[in-house]
S.K.: 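Just passing along the structure, written as structure tokens.
A, B, ... follow the sequence lines: proteins, then strands. Residue 1 opens every chain.
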Amino acid sequence: MAPQTRGVSFPKIVIERDSDSEQSSSSSEDEDEVQNDAGEESEKVDEVEVVDESEASTSAKSRRQPISISLKKVCKVCKKPGHEAGFRGATYIDCPMKPCFLCKMPGHTTMSCPHRVATEYGVIPAPLKNTHSSLEYVFQRQVRHHIPTIKPSFVIPKYLNCGVVRYHSRRITCLEFHPTINNILISGDKKGQFGVWDFGKVHEKAVYGNIHSCILNNMKFKPSNDGTVYGASSDGTISCIDLETGISSTLMNLNPDGWQGPSSWRMLYGMDINSDRGLLLAADNFGFLYMADARSNNVIGKPILIHKKGSKVTGLHCHPLQPDLLLSCGNDHFARIWDMRLIEDKSSIYNLSHKRVVNSAYFSPQTGSKILTTSQDNRLSIWDSIFGDMDSPSREIVHSHDFNRHLTPFRAEWDPKDNSESLVVVGRYISENYNGTALHPIDFIDVSNGQLVAEVMDPNITTISPVNKLHPRDDVLASGSSRSIFIWRPKENSELKRDRDPSRILLCGKGERKSKFEDDSGDDDFGKDTYGSKSSKTKKTNLKKSKVCSSKLKY
DNA sequence: AGACGATGCGACC
DNA sequence: TGGTCGCCCTCGTC
């Protein structure tokens, strides 16, 4: 980056010692140092020149040299002069001495990163391992653009349809659609609260706050009874929740003796259900896998170390067709594939290496032949078990989701309806300028070629949406953004089933609750900030009242 | 409007 | 191996 110059001269600070006759000792060298202004983003280095006392003692006390402090503008990242890093307005200027923040490669900055404008940049086709396979033609169609695609055009739910602002009291951590009832969405938050929302009837929702005491990390519907949900929490318990009543029982408790300090407090993150084997699987923050019988709710066997000891297992996923295959991912930078018939320490079939923490790993939803991982190295990786060799990913797609504090970790998810198993959805961390507003879109990416299929956003939602879920049957996207949940559909004014007069549907920010809602929203504390949109004008007008859109419109 | 803090990971010693 | 510190586009509260 070229050195920045500014019109205002940089102040030179001279601290005069007690002297009644001497001028300051500004020399030409001092003048050379004083070039920069007081840039608000740059860091100042104080250079203090103190005259040697012994030298001073040789002359009269009244001729002591002054202390001269000059402020030099240096980069706040590398401490070198000549460039600046940091925010300029809402845009972050990279330090050119550091690797690109987006792709982590040296030699350029985020602003000039080729991945910033082309998602498919550098995407390499999977190696042709089984070139004589009958599936080769299908594969060729995926990697060669000139071969007509067999994929139907994707239907992207990109228009905000309805939402609940401040539904939860803490940030959303997980979302799941009901397996059989189309309009039911369940949600979990950082405080452990469990929400059930009928987004077809926008105001029908409930939040249960007494099930878990901290982060609800993962939820799964019970395969044999879709009125029951399992929840895995950082309080170390697996809950079994009745959807109708919100009444729960505890299936597993890893901290029966209560808080004995952080070194012993077990937190459950990844969870999945192996319906063929009748098993509930969960994994903790120390690298261990736990199993329970999903019928009797009894814990089975001893914990098994499946990731580096002491490291968090961030996710578990059972293969959709092969009940013996289990996929796990964790903070030890690996996703691992296991054979359930013989699962013990270091018995993994494959270890999929990543450069940083793996936030999630999922088998493709229909055949399970591909694996999609989201890692904090800003890459989505596709591992193809048919055409790839599993030693390295078939494809890596650079995508901005490297942010591990304050936000729920980003997790790219497959579209369960896409028969070609190539469409994935993932929230984006880095913002872009859309007509003067900085927005964080939800990206739809075709992982067969790396192309960005769609960016889903709404000018009123300026927050980041790390949690996204595609409906198993309908063209519906649910996104969790901070404490709010939004539903997106393919058409802007798609019909919204309501049980009340649309004119009554308003968004109410804090302190602006409309009295007519007071008796409408049940007894939860978070149920009054709801809106459904039939008219985008109404939606925007109402949203402007909310802090969600009134703050931090960037650029 | 501005300060603050909860908070997870990686680098470095 | 453990402790400490710093962080790049948070977001809500006081």
S.K.: Kindly check if the number of other-residue, nucleotide or ligand heavy atoms within 6.0 Å of NZ (A:K104) is above 12?
M.R.: yes
S.K.: Using side chain to side chain contact (heavy atoms under 4.5 Å, CB included) as the criterion, point out the one residue from A:H212, A:K220, A:M271 that pairs with A:I238.
M.R.: A:M271
S.K.: For A:H471 together with A:F177, are the ring centres under 6.0 Å from each other?
M.R.: yes
S.K.: Using the C1' atom as the point on both nucleotides, what is the distance between C:dT10 and B:dA11, in whole Å?
M.R.: 23 Å
S.K.: Starting from C1' on B:dG8, measure out to CZ on A:R411 and report it in whole angstrom.
M.R.: 15 Å
S.K.: I'd like to check the ring-ring contact (aromatic ring centres under 6.0 Å, His included) partners of A:W265; sequence neighbours left out, ordered by chain and number.
M.R.: A:W259
S.K.: For A:H333 and B:dG8, what is the distance between atoms NE2 and P respectively, to the nearest whole Å?
M.R.: 16 Å
S.K.: Base, sugar-phosphate or nothing for A:L407? Non-hydrogen atoms, less than 4.0 Å.
M.R.: sugar-phosphate
S.K.: How many angstroms lie between CG in A:D94 and SG in A:C100, if you round to the nearest 0.5 Å?
M.R.: 6.0 Å
S.K.: For a quick test of reading the model, state the closest non-hydrogen atom pair linking A:C103 to A:H115 and the distance between them.
M.R.: CB-CD2, 3.4 Å
S.K.: Find the distance A:K104:NZ to C:dC8:C1' and express it as a whole number of Å.
M.R.: 8 Å
S.K.: How do A:V357 and A:R171 order along DNA chain B: which one's closest nucleotide is nearer the 5' end?
M.R.: A:R171
S.K.: Distance between the C1' atoms of C:dC9 and B:dC12, in whole angstroms?
M.R.: 26 Å
S.K.: Please determine if a side-chain N or O atom of A:N331 lies less than 4.0 Å away from the OP1 or OP2 oxygen of B:dC9.
M.R.: yes
S.K.: In whole angstrom, give the distance that lies between atom CG of A:N378 and atom P of C:dC9.
M.R.: 13 Å
S.K.: Could you pull out all residues at least two apart from A:W338 that satisfy side-chain hydrogen bond (donor to acceptor under 3.5 Å, both in side chains)?
M.R.: A:S328
S.K.: Whole angstrom is fine here: how far is it from CZ in A:R483 over to P in C:dC11?
M.R.: 12 Å
S.K.: Check nucleotides 4-6 of chain B against the protein and report each pair of N or O atoms closer than 3.5 Å, with its distance, or say if there are none.
M.R.:
residue, atom, partner, partner atom, Å
B:dA6, N1, A:H406, ND1, 3.0

S.K.: Any side-chain N or O of A:S482 under 4.0 Å from OP1/OP2 of C:dG12?
M.R.: yes
S.K.: Specify the separation, in whole Å, of atom NZ of A:K312 and atom C1' of B:dC9.
M.R.: 9 Å
S.K.: I need the NZ-C1' distance between A:K355 and B:dC9, as an integer number of Å.
M.R.: 18 Å
S.K.: In whole Å, I'd like the distance from the CG atom of A:D402 to the P atom of B:dG8.
M.R.: 15 Å
S.K.: Can you check whether A:K98 has a side-chain N or O nearer than 4.0 Å to OP1 or OP2 of C:dC8?
M.R.: no
